[in-house]
Amino acid sequence: MTQFIPLAEPDLTGNELEYVTECIRTGWLTGQGRFIAQFEGQFADYVNMKYALAVANGTVAIHLALMAIGIQPGDEVIAPTLSYVASASPILHAYATPVLVDSDAQTWNIDPEAVRRAITPRTKAIIAVHLYGNPCDMAALQQIACEHNLYLIEDAAESHGATIDGQPVGSFGDIACFSFYGNKIVTTGEGGICLTNDDELYERMSLMRGQGMDPNRRYWHPVVGYNYRITNLQAAVGVAQLERMDHFQATRQTIAAQYDALFAGSSVMHQHVLAGFHPVNWLYTVMLDGFNRQQRDHVIEQMKAANIETRPIFHPIHTFPPYVASAHLAESYPVAESLSAMGISLPTFTTLTSSQIERVAQTLLQIVDEVAVNC
Ligand SMILES: *Cc1c(COP(=O)(O)O)cnc(C)c1O
């Protein structure tokens, strides 16, 4: 039997164990432990932002951002339908209306023209997602947000380290949200962070993260807040992860370049990257050109039989029951639906070897050929 290749695997071979051990030895599991502030400071510096607030996960980071900008019931927030569900569920947590829009066929990211068409007098914000680590067209989205006086929130959960003309993603909007889930580019197991340059937004998020407690009056709660805190244990892992950020970035670039070369000239297509954009490959994801959902699922089964774990691209969010009503503004989602039927994510993690990448690509190309011949 060939060796199993998983889709993702955390790389915890730096100082993670040492720092977590320090938390246990000192008894600082939460609150005042040294790693939370250190992690926030270092991550803010990395993305070149003024303030950072580490939170329990990426989903609550987005909810906190929506609360900070004052999203109210009845407000509309625009988000791409082709994303992980957590790009939209916090809009419902805020009792607002997600207005889901289609994607661009080349970059697979939110289509700025679709955003423009979806704007109404009730629109308050846009959530921009850098899907699979490929930055979206932030200049176009900034322009739209500026013209219509909308907040721009970056869901950068899949794009730690990606840049546009040298500027890090997460520094283009009013607030950026990152995730540190176990399979993300930087992980703390579960975890997330909100970044902003705005003093007021920072203070509001800080208040809401810690149960709405008045910073100048202990156990006095002027607003309803949340417990969205992260632990010192998680932040300790995060600090160790950030020390190896350059290695993570370089390795993911090498992996993507090798996949690119192996698929060159085939019907297996990668995301188009705009000029000056530097993606960071979270999950190297491809489109099996011309395949339908059933054929794609068959490919996933065959890969599994070859002991290689892969994953279908996300289902468009507008197809989930709680979001069906949110589809009302767009006529249809042809791009998201076709991408979602053809897409497949391949193993992408820093300890993946060059011979494993070759095995993944060759196995995929062979299976794709067989499926194409049989139809
Ligand atoms: C992972 C992810 C999130 C947040 O996920 P958590 O698991 O809550 O940390 C949000 N948006 C996108 C696009 C993601 O991939």
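Counting convention: from 1, in listed order, for ligands and their atoms alike.
Across every non-hydrogen atom of L364 and V286, the tightest pair is CD2-CG2, 4.2 Å.
Side-chain contact between I313 and R296 is present, with heavy atoms from C-beta onward closer than 4.5 Å.
Taking the six-membered ring for Trp, Y284 and F349 have ring centres at least 6.0 Å apart.
A donor-acceptor pair is defined here as one N or O able to donate and one able to accept, closer than 3.5 Å; no such pair exists between the side chain of T350 and the backbone of F248.
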Pairs under 3.5 Å, nitrogen or oxygen of ligand 1 with protein nitrogen or oxygen:
unit_1: ligand 1; atom_1: 8 (O); unit_2: N57; atom_2: OD1; d: 3.4
unit_1: ligand 1; atom_1: 8 (O); unit_2: G58; atom_2: N; d: 3.3
unit_1: ligand 1; atom_1: 8 (O); unit_2: T59; atom_2: N; d: 2.9
unit_1: ligand 1; atom_1: 8 (O); unit_2: T59; atom_2: OG1; d: 2.5
unit_1: ligand 1; atom_1: 9 (O); unit_2: G58; atom_2: N; d: 2.8
unit_1: ligand 1; atom_1: 9 (O); unit_2: S179; atom_2: OG; d: 2.6
unit_1: ligand 1; atom_1: 11 (N); unit_2: D155; atom_2: OD1; d: 3.2
unit_1: ligand 1; atom_1: 11 (N); unit_2: D155; atom_2: OD2; d: 2.7
unit_1: ligand 1; atom_1: 15 (O); unit_2: E158; atom_2: OE2; d: 2.5
unit_1: ligand 1; atom_1: 15 (O); unit_2: K184; atom_2: NZ; d: 3.1

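P90 pairs with exactly one of T59, L64, V85 by the side chain to side chain contact (heavy atoms under 4.5 Å, CB included) rule, that one being T59.
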Identify each donor-acceptor pair in which a side-chain atom of residues 134-144 lies under 3.5 Å from a protein atom, sequence neighbours left out, and give them as a table.
unit_1: N134; atom_1: ND2; unit_2: H272; atom_2: O; d: 3.0
unit_1: D137; atom_1: OD1; unit_2: A140; atom_2: N; d: 3.2
unit_1: Q142; atom_1: NE2; unit_2: F172; atom_2: O; d: 2.9
unit_1: Q143; atom_1: NE2; unit_2: E147; atom_2: OE2; d: 2.8

